[in-house]
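As the structure lists them, so they are numbered: ligands from 1, and atoms in each ligand from 1.
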Amino acid sequence: MKKILFAASEGVPFIKTGGLADVVGSLPKCFNKDEYDVRVILPKYICISDEWKEKMSYMTHFYMDLAWRSQYVGILEAEYDGVKYYFIDNEFYFAGPRPYGNIYEDIEKFAFFSKAVLSALPIIGFQPDVIHCHDWQTGLIPVFLKADFHENEFFRNMKSIMTIHNLKFQGAWDIRTVRDITGLPAYYFTSDKLEAYGDANYLKGGIVYADAVTTVSNTYAEEIKTPFYGERLEGLMQARANALTGIVNGIDYDVFNPATDPAIPAKYDARTFRKEKIKNKRALQKKLGLEQDDKKFMIGIISRLTDQKGFDLIAYMMDEMCQLDVQFVVLGTGEERYENMFRHFAWKYKDKVSANIYYNEDMSHQVYAACDAFLMPSLFEPCGLSQLMSLRYGTIPIVRETGGLKDTVEPYNEYENTGTGFSFANYNAHEMLRTVQYAMDVFYNRKREWNKLVDRAMAADFSWTVSAKEYEKLYDGLIL
Ligand code: GLC
């Protein structure tokens, strides 16, 4: 039995701020259970809801040195959906209403977490062959592993993988403070190791010291070797090109299934969508106070409202797009200027725009089920999960050709009758507008073609089946 430990800062259903949590919460159960024992370790944040805290039980605790500090490390466990979870408890580090967000606190928090993950293993008696680390919060694990832990027999053959979900977030802070927190000697803070542009960089440490590096789509794996997408680490990505692969994300096909989804008013599948999907549109128009019209072209936007997702293009074009025969349903929170932008347009175009500036999982399913199209014009997108959810619900994605969007949405070709969505190449607001208009034209004037697009979208398979196999191959290659 090969043993794998996922180390991450978030995972559904326990705690989520973004797509990372969906991946960490849905991938582990998709491995072949006869060959792989995959477990997950997360921080036990105080802000985890009681519903999930009640499922955890105390295992043990110990004290750990973090440079000159000695810190309490509690370990809890839980089982969910056939997967074993461990939680690191420390009420000083994992306090607050949100799991993270202030970099000056997060830097020490995740140095603590990373070292605690390794220190806990001999105590709980789990000796993984591979520690699979996700994003900068766990970047110090490969570093600590090679720095001291490898000297201990228990850790000698342990390998590590660093998966980049978003290169923009790197966990960078001044070297003096990071040395004081981690106790790592000066040796580690040179430009071939943790140092980048004068700071200590956790993600860089993970990328340098991990035995393999992955990211969440093939296109993004290529893009991050270039200055535009490389977030100033393109040189490092080029240097590690031999160790770097792209493995596209999947989604949980049990949770996202229009045929069984308890959150949506009318269930449907690839056979029944022509009659049934429309009922979800009706229900949502009613619920949100939009004009009730089966035939209206309804576009969904579910997202963190940040620049990454292309909201400056939308802000620029929103007035113009609202002149078209469309409805927009927006769901999500984020930067205040975008929240206010959507509130403004919802006020200006009352029966065309519905701005839902909050997040709710059930509501997101209702929007995927109700809309005809889904707009996602990202500036960059390591993988993107919403377009996969849209495809699953027969909601046609309109995307920019970048990262995972390029790899998962096949552009409509009206001459060959192929494709699952609409896409445009350049980060340009008029290109986006023209693509929306093109989609609208097919929807209103070539309904049979549109329905065939939906057929192909719903037939696409972005469950974890294929990608879990790719990770298995990667693990096999590392385990001697
Ligand atoms: C991050 C990326 C997103 C990706 C997700 C899961 O949120 O921005 O593109 O799908 O991680 O890997």
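Counting non-hydrogen atoms of other residues, nucleotides and ligands closer than 6.0 Å to NZ of Lys225 gives a total above 12. By the neighbour-count criterion of 12 heavy atoms within 6.0 Å, atom CD of Gln127 is densely surrounded, having more than that number from other residues, nucleotides or ligands.
Nearest protein heavy-atom neighbour of atom 4 (C) of ligand 1: Gly384 N, 3.6 Å. What sits closest to atom 3 (C) of ligand 1 on the protein, heavy atoms only, is Glu381 OE2, 3.5 Å. The single protein non-hydrogen atom nearest to atom 8 (O) of ligand 1 is Gln308 NE2, 3.1 Å, given as residue, atom name and distance. The closest protein non-hydrogen atom to atom 1 (C) of ligand 1 is His165 O, 3.4 Å.
Residue Asn249 has at least one N or O atom closer than 3.5 Å to an N or O atom of ligand 1. The shortest N/O to N/O separation between Val23 and ligand 1 does not fall below 3.5 Å. For Cys383, a nitrogen or oxygen atom sits less than 3.5 Å from a nitrogen or oxygen atom of ligand 1, counting backbone and side chain alike.
Using a 4.0 Å cut-off to heavy atoms of Arg304, the atoms of ligand 1 that qualify are 7 (O), 8 (O). Distances below 4.0 Å separate heavy atoms of Pro382 from the following atoms of ligand 1: 2 (C), 8 (O), 9 (O).
Counting only heavy atoms from C-beta outward, the side chains of Cys383 and Val248 approach each other to under 4.5 Å.
The closest donor-acceptor contact from the side chain of Thr214 to the backbone of Thr245 lies at 3.5 Å or more, if one exists at all.
At a 4.0 Å heavy-atom cut-off, ligand 1 touches Asn166 through the side chain alone. Residue-level proximity to ligand 1 for Lys168 is absent, since no heavy atom of it falls below 4.0 angstrom.
Pairs of residues two or more places apart, or lying in two chains, that qualify as ring pair (Phe, Tyr, Trp, His ring centres under 6.0 Å) and include a residue from residues 364-390 are Phe256-His365, Tyr368-Phe374.
Between Tyr45 and Trp52, the distance separating the two ring centers is not shorter than 6.0 angstrom. Two rings, from Tyr85 and Phe14, have their centers less than 6.0 Å apart. Taking the six-membered ring for Trp, Phe113 and Tyr93 have ring centres at least 6.0 Å apart.
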